[in-house]
There are 2 protein chains.
Amino acid sequence: MSDSTAAGQEPVTADRLAHRVPDLGALQLLIAIARLGSLGRAARELGITQPAASSRVRAMERQLGVALVDRSPRGSKLTDAGALVTDWARRIVEAAEAFDVGAQALRDGRDKRLRVAASMTIAEYLLPGWLIALRHERPGTAVQLLAGNSQFVAERLLADAVDLGFVEGLTVPSGLTGVVIARDHLVVVAAPTHPWARRRRPLDPEELARTPLILREHGSGTRQVLDAALGGLADPLLELASTTAVKASAVSGAGPSVLSELAVGEELAARRLVRVPVDGVPLDRALRAVWRVGHRPVGPARDLLSLTRAG
Amino acid sequence: MSDSTAAGQEPVTADRLAHRVPDLGALQLLIAIARLGSLGRAARELGITQPAASSRVRAMERQLGVALVDRSPRGSKLTDAGALVTDWARRIVEAAEAFDVGAQALRDGRDKRLRVAASMTIAEYLLPGWLIALRHERPGTAVQLLAGNSQFVAERLLADAVDLGFVEGLTVPSGLTGVVIARDHLVVVAAPTHPWARRRRPLDPEELARTPLILREHGSGTRQVLDAALGGLADPLLELASTTAVKASAVSGAGPSVLSELAVGEELAARRLVRVPVDGVPLDRALRAVWRVGHRPVGPARDLLSLTRAG
DNA sequence: ATGTGGACATAAGCTGGCGTTATGAGTGAC
DNA sequence: GTCACTCATAACGCCAGCTTATGTCCACAT
């Protein structure tokens, strides 16, 4: 039986992805070389010595089987392949930076700095970007992040356990005020191979309601909005515990899904998923920054808030 | 002088990102634990022993300062923080998978398998996704990837050095035929703090032409389309060598930019960039799969082609 | 022609992280 | 009580990657 890997989960690419992809340090080195035009300068910037950089680049080239850097006594420049690889590398590093600020925010609970509570979708997709921006504007701001559903956010705010909250949903919990910082649109998506992908006439609510969909589990904010929009009639083909798992299944063609635009922005742009037009289903919700009535955000909370108020 | 890090380049987050972000193996382990509900099973799946997995998770928790996994004699489950971290981890792993297939395609030149030439934008943003899909459908297909401009792609096809080409642009090079597989829209984007971000009335061509923009260097496909659309009048505020550098500058608020929708999909979804409406500027181009007249794609080339023909 | 300096390569040695095997210990089912 | 499962701990070995110390090449200035 081994483990029968449920539905369209991870097909476990291969056993040693980590051995075929250089580590973060190496990727950063490559990016630094692209920018600085010299192995040695790049090494210095990363706080290692030039021979170390030289050997890492060599190792990377051996690992990938492609020449990445044109060395010359006058400096180093990326090859064409190197430039392409470097752009792919940047996306890994960006994801790692988002991970880093997120993790830091999750940890920094001990210090009594800026404390934030956010709903899952916001914590996952929006907050890391805001925190990266915040770090640029106010370096040294330590943020603590708590993630949960709307009631949890409200409870933390009312208990004065956090300074600022972010919720997605139709209403503002009582005792709180806030501003709408963006709108989130749920979108119906399907793999490009799915019949719906070629569809031009919008779906109507009944058709959506009677088609089995890949969905998050009950209780997730996304699911709530969908159930409300369809009158509780969504028909799950598959219920998965994480947004990413849902995406992966949808991309692999297991079926259509309904997801936040935030979660599938990249997949839509890259045509791994296609948006299916829908009519007459209110798949919209506001994203709000909220705080306790009478406790207008000040200091770091105000800084963070102002970063978010523009979309 | 140290190094005066040009424009809005990398502000070098901090010196040891790699020391604050677990490596790929650890992230994959975490993802596997989330899916399988057990340290030991996850270890087995990754081909390591249970004590190794135990120690890695411990190390990760120490590194991040957050409890990630709830261990019990009945199995292991992620904590709330762990679930959030795991979702961030998935994005790193996805980027790494895209890197991996791309790099593999770049290398596999020796074998005479499927050889593909593509323009930069396609090679960077679309091909990795297609190749991941191709690997699922036809495991073991070795792909060689060459990236260059349209003339280069045409030349390789005509010389029979590649089996399939992908170009972005208004015309099909002579001697080739092909099909439109998608449309790429260039979009005007600005940081949410930029005045244009709040704009509702569309920009007109003159206004766009007289505003200094952050752009790729001359000769890039994106730049060509923009120059053509504006009659060669684009006014560069900054000319950078990579799409990612342009994005980073735009996000940091250095100025507005014009970029492919493919490149900024995620930034738009996460509101790190805002799309600015434009009127009367033809910022559209077709993405085409092309091949030599009379050499209809067969075999693996046909497989790949069919994967792309749905957006 | 001839230094001189910057940039990359090579060599030798050290260290630490991560892996292994072998074992202990808690919990629930029968 | 014993089995079957979980995770933790301990002792040890290996290899990747770092450092320091050098060598080589080339461009440019003198």
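Order of the sequence lines sets the chain letters (A, B, ...), proteins ahead of strands, with each chain counted from 1. What's counted below: heavy atoms across the whole structure, side chains too, no hydrogens, waters or symmetry copies.
In terms of phosphate contacts, R41(B) brings a side-chain nitrogen or oxygen within less than 4.0 Å of OP1 or OP2 of dT6(D). Proximity of S38(A) to the phosphate of dC8(C): a side-chain N or O atom is located under 4.0 Å from OP1 or OP2. The side chain of R71(B) places no N or O atom within less than 4.0 Å of a non-bridging phosphate oxygen (OP1 or OP2) of dT6(D). For dT9(D), the OP1/OP2 oxygens have a side-chain nitrogen or oxygen of R58(B) closer than 4.0 Å.
What separates CZ of R44(A) from P of dC18(D) is a distance of 16 Å, to the nearest Å. Between Q63(B) atom CD and dG17(C) atom C1' the separation is 12 Å, expressed in whole Å. Atom CD1 in I48(B) sits about 6 Å away from atom P in dT20(C), given to the nearest Å. The distance between atom CZ of R62(B) and atom P of dG17(C), rounded to the nearest whole Å, is 8 Å. The CZ-C1' distance, from R74(A) to dC25(D), rounds to 13 Å in whole Å. Counting to the nearest Å, the P atom of dA7(C) and the CG atom of L39(A) are 10 Å from each other. Distance L24(A) CG to dG17(D) P: 13 Å, rounded to the nearest Å. Note: CG (L29(A)) to P (dC18(D)) measures 9 Å, nearest angstrom.
Mapping R56(B) and P51(B) onto DNA chain C via the closest heavy atom, the residue that lands nearer the 5' end is R56(B).
Contacts of T49(B) with the nucleic acid, taken as non-hydrogen atoms under 4.0 Å apart, include base atoms. In this structure, S55(B) reaches neither bases nor backbone, as no heavy-atom distance under 4.0 Å exists between it and the strands shown. Within the 4.0 angstrom heavy-atom criterion, only backbone atoms of the sugar-phosphate kind lie near S76(A); the bases stay farther away.
Taking the charged nitrogens against the carboxylate oxygens, R71(A) and E61(A) do have a contact shorter than 4.0 Å, which makes a salt bridge. Salt bridge D70(B)/K77(B): absent, no basic N to carboxylate O contact under 4.0 Å. A salt bridge links R91(A) with E266(A): at least one charged nitrogen is closer than 4.0 Å to a carboxylate oxygen.
Counting atom types as modelled, Q50(A) pairs no side-chain N or O with a base atom of dA7(C) as donor and acceptor under 3.5 Å.
Relative orientation of the F99(B) and W88(A) rings is perpendicular, given thresholds of 30° and 60° on the angle between their planes.
Picking from dT27(C), dC8(C), dG6(C) the nucleotide with the shortest atom distance to the side chain of P73(B) gives dT27(C).
Of all heavy-atom pairs spanning A42(A) and L29(A), the tightest one is CB-CD1, 3.9 Å.
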